[in-house]
Amino acid sequence: MIESLFVLSPTGKVIIEKHWHELIPRRVVDYFNDQVSKAMAEGEDVTREDVLPIIASPKYQLINVYRDGLTYLSPVTKEVDPMMVFEFLHRIPDIMQEYFGQVSETVIKENFVTVYQLLEEMMDDGFPLTTEPNSLKEIVPAPNILNKVVNTLGATTSVSTRKMPHGMSNLPWRKAGVKYNSNEIFFDIVEEIDAIVDSTGKAVSCEAHGTIQTNSRLSGMPDLTLSFVNPRLVDDCSFHQSVRFNKWESDKVLSFVPPDGHFRLMSYRVNLPSQQNLPIQVKPSINIGANGAKFDVTVSLRNTDGKPVENVVLTLPLHKSTTTLTAQCNVGQYMFDPVGKVLRWDIGKIVPRERAPVLSGSFGFGSASSEAAANAGYNIGVEFLINSHSLSGLKVDVLKLFNESYKPYKGVRTMTKAGRYQVRA
């Protein structure tokens with residue numbers, strides 16, 4: 001079971017505190033913040049995302065999820081399935097995103113009452129109860145101006161802030177009686193590439209993590225079957241609870257009654273072969289001298305099916321002893337952070353068959369630190385986005401509708417973007 005929940009701000013302060021059993025003292029949060037600080041101090045390249053998702057304390061196992069600058073922390077003392085805890089912790093910001101449009105410290109503080117009402121309905125005696133947005137919206141109303149004024153002033157009103165569910169179907173994720181003038185459903189296939197590439201351009205490791213985000217605007221109680229051109233490309237799949245898993249196991253098709261609105265239909269992983277042509281190639285060259293170094297970075301396109309690559313950004317963390325930097329680029333603009341010692345090159349959009357972006361320059365460091373700077377490893381972080389492109393090759397084939405007489409419009413978009421993408425210089 002889940003005993004307690006703490007939602008922490010980017011500075012580690014408690015924003016939300018909820019206990020379903022005995023009160024867990026806040027000093028466990030202080031211990032957690034100390035462990036996070038120690039982990040991040042172990043290396044210059046260690047970020048908050050690299051902190052272990054489970055940290056052991058003398059009395060608790062601290063299960064934590066970090067999203068959008070906020071930490072969702074659940075200390076547990078008894079035997080519990082950690083994946084259940086992780087799934088619930090991820091579901092909390094998903095629900096808040098559905099209610100408030102965005103999730104931040106300010107948004108949570110502006111909607112304290114609604115957030116606590118949601119937590120009360122989502123968990124019963126330490127076990128997840130109602131976690132579907134459609135069901136929750138029938139119980140806890142979305143915030144509006146009247147509710148905010150009433151909650152702020154603590155006044156009484158004839159408008160109930162908690163309503164009993166009505167119009168619910170026998171499927172907890174879908175309301176009954178849904179009607180639309182135009183019946184349509186949209187699928188967004190989004191793939192993130194996690195890769196480590198050596199200085200010669202060869203992929204040391206490479207895999208793609210994909211999700212199929214869905215927006216359903218269908219009337220009645222539609223029963224859908226979605227098939228793919230090449231479903232056996234994907235591995236390690238997880239599905240929305242509406243998906244009939246046995247149908248996927250036997251026929252590799254998705255059979256489901258969709259929730260109304262936005263939801264994640266499926267997530268998956270694809271192991272890409274080492275000889276896989278990555279969409280973008282970065283060729284770095286760093287020559288270390290006695291008191292400084294010269295560098296050149298060239299970016300070129302490879303496997304993009306003729307599509308332009310957008311939002312291209314390269315980040316090069318330099319050694320902490322770096323004092324000066326001069327550079328020039330033929331495309332985009334660069335910025336050097338003298339405090340964080342990070343060089344950021346914002347290229348923007350790269351179109352096939354146009355000139356290759358090049359950044360060249362030099363940086364200096366103190367003579368006392370020349371040996372340490374020479375032996376330091378330099379890794380370039382790469383960000384990019386390619387619309388209408390799927391690196392894995394996964395494609396939607398046919399959508400069939402049962403249980404309703406109309407013919408829905410089906411829209412499919414694909415997108416490939418960089419996840420943890422690093423190039424060793």
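All values derive from a computational prediction rather than experimental measurement.
Counted within 6.0 Å of CD on E79, heavy atoms from surrounding residues, nucleotides or ligands total 12 or fewer; the atom is thus considered open. Counting non-hydrogen atoms of neighbouring residues, nucleotides and ligands closer than 6.0 angstrom, the NE2 atom of H209 exceeds 12 such neighbours. Within 6.0 Å of NZ on K59 lie no more than 12 heavy atoms contributed by other residues, nucleotides or ligands.
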Exercise. Would F6 and V28 count as a side-chain contact (heavy atoms from CB on, under 4.5 Å) if you check the C-alpha gap in whole Å, the side-chain angles of each, and the deciding distance to 0.1 Å?
Worked result: CA-CA 10 Å; F6 297 94; V28 72; 4.1 Å; yes

For this session: Check step by step if side-chain contact (heavy atoms from CB on, under 4.5 Å) holds for V312 and I280.
Result: CA-CA 10 Å; V312 182; I280 190 169; 4.0 Å; yes

Exercise. Given V282 and V197, is the side-chain contact (heavy atoms from CB on, under 4.5 Å) satisfied, shown in steps?
Worked result: CA-CA 9 Å; V282 178; V197 184; over 6 Å; no

Exercise. Is there a side-chain contact (heavy atoms from CB on, under 4.5 Å) between L359 and F295 once you walk through the steps?
Worked result: CA-CA 8 Å; L359 174 70; F295 65 89; 4.0 Å; yes

For this session: Take D94 and Y99, measure what side chain to side chain donor-acceptor pair (under 3.5 Å) needs, and give me the verdict at the end.
Result: CA-CA 9 Å; D94 289 343; Y99 264 75; over 6 Å; no

For this session: Decide ring pair (Phe, Tyr, Trp, His ring centres under 6.0 Å) for F186 and H262; before the verdict, give the C-alpha distance in whole Å, the side-chain angles of both, and the deciding distance to 0.1 Å.
Result: CA-CA 9 Å; F186 301 94; H262 294 270; 9.3 Å; no

Problem set entry | Derivation of the side chain to side chain donor-acceptor pair (under 3.5 Å) call for S104 and T106 | CA-CA 5 Å; S104 66; T106 303; 4.7 Å; no

Problem set entry | Check against side chain to side chain donor-acceptor pair (under 3.5 Å), H240 and R264 | CA-CA 7 Å; H240 187 269; R264 185 175 65 184; over 6 Å; no

For this session: Begin with the C-alpha distance, continue with both residues' side-chain angles, and end with the deciding distance and a verdict on salt bridge (Lys or Arg N to Asp or Glu O under 4.0 Å) for R420 and D50.
Result: CA-CA 11 Å; R420 299 175 67 90; D50 299 319; 2.7 Å; yes

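Taking a cutoff of 4.0 Å between a charged side-chain nitrogen and a carboxylate oxygen, D198 and K202 do not qualify as a salt bridge. Salt-bridge check for E105 with K109: passed, with a basic side-chain N closer than 4.0 Å to an acidic carboxylate O. Ion pairing between a basic and an acidic side chain is recognised when a charged N comes within 4.0 Å of a carboxylate O; K417 and E191 show no such pairing.
Panel note: side chain Y116, backbone E17; a donor-acceptor pair is recorded below 3.5 Å. Side-chain atoms of Q213 never come within 3.5 Å of backbone atoms of I189 as a donor-acceptor pair (strictly under, hydrogens ignored). For D81 (side chain) and M83 (main-chain N/O), a donor-acceptor pair under 3.5 Å exists by modelled atom type. With hydrogens and angles ignored, the 3.5 Å screen pairs a side-chain donor or acceptor of D337 with a backbone N or O of V339. A donor-acceptor pair under 3.5 Å is absent between the side-chain atoms of D235 and the main chain of V270, judged by distance alone. With N111 contributing its side chain and I108 its backbone, the two residues share no donor-acceptor pair below 3.5 Å. Remark: side-chain polar atoms of Y334 are paired, donor with acceptor, to backbone N or O of A327 under 3.5 angstrom. For the pair N33 (side chain) and G12 (backbone), a donor-acceptor distance under 3.5 Å is present. In terms of modelled atom types and a separation under 3.5 Å, the side chain of H319 and the main chain of S321 share a donor-acceptor contact. In this structure, N134 contributes its side chain and R174 its backbone to no donor-acceptor pair below 3.5 Å.
Of the inter-residue distances, the one linking L136 atom CG with T114 atom OG1 reads 12.0 Å to the nearest 0.5 angstrom. Atom CG of D223 is separated from atom OG of S255 by 5.0 Å, given to the nearest 0.5 angstrom. How far CE of M123 is from NZ of K18: 10.0 Å, rounded to the nearest 0.5 Å. Once rounded to the nearest 0.5 Å, the distance linking CG of N230 with CZ of F228 reads 9.5 Å. Within the model, atoms OH of Y378 and CD1 of I286 stand 6.5 Å from one another, a figure rounded to the nearest 0.5 Å. With rounding to the nearest 0.5 angstrom, the CG atom of D194 is 10.0 Å from the CD atom of Q422.
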Kindly list each side-chain donor-acceptor pair under 3.5 angstrom involving residues 397-415, sequence neighbours excluded, with atom names and distances?
| residue | atom | partner | partner atom | Å |
| --- | --- | --- | --- | --- |
| N403 | ND2 | M221 | O | 2.8 |
| E404 | OE2 | M221 | N | 2.8 |
| Y406 | OH | S219 | N | 3.2 |
| Y406 | OH | S219 | O | 2.6 |
| K410 | NZ | D397 | O | 3.4 |
| R413 | NE | D188 | OD1 | 2.9 |
| R413 | NH2 | D188 | OD1 | 3.4 |
| R413 | NH2 | D188 | OD2 | 2.9 |
| T414 | OG1 | H389 | N | 3.0 |

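Defined by atom type and a distance below 3.5 Å, a donor-acceptor pair is missing between the side-chain atoms of S37 and D34. Defined by atom type and a distance below 3.5 Å, a donor-acceptor pair is missing between the side-chain atoms of R424 and S199. A donor atom on one side chain and an acceptor atom on the other are found under 3.5 Å apart for N387 and E310. For T131 and R91, the side-chain atoms include at least one donor-acceptor pair closer than 3.5 Å.
The shortest distance between side-chain heavy atoms of R26 and D30 does not fall below 4.5 Å. Taking 4.5 Å as the limit, every side-chain heavy atom of F336 sits out of range of all side-chain heavy atoms of V342. You'll find the side chain of K252 reaches within 4.5 Å of the side chain of W248, heavy atoms only. Using a 4.5 Å heavy-atom threshold, the side chains of V243 and F245 count as separate. At a threshold of 4.5 Å between non-hydrogen side-chain atoms, the residues V423 and V382 count as touching. Counting only heavy atoms from C-beta outward, the side chains of V396 and L226 approach each other to under 4.5 Å. For the pair F239 and L254, the minimum side-chain heavy-atom distance is below 4.5 Å. By the 4.5 Å heavy-atom criterion applied to side chains, T214 and P258 are not counted as neighbours.
M122 and F88 get closest at one heavy-atom pair: O-CE1, 3.8 Å. Of all heavy-atom pairs spanning P279 and T304, the tightest one is O-CG2, 3.3 Å. A pairwise comparison of heavy atoms in S4 and W20 identifies C-CZ3, 3.9 Å as the closest pair. Minimum heavy-atom separation, F86 to N64: CE2-O, 3.7 Å. Shortest non-hydrogen contact noted between Y31 and A56 is OH-O, 3.4 Å. Looking at every heavy atom in both residues, L314 comes nearest to I380 through CG-CG2, 3.9 Å.
When each of I92, V113, V140, T130 is checked for a side chain to side chain contact (heavy atoms under 4.5 Å, CB included) with L118, only V140 meets the rule.
Ring geometry for Y421 versus F384: interplanar angle over 60°, hence perpendicular rather than tilted (30 to 60°).
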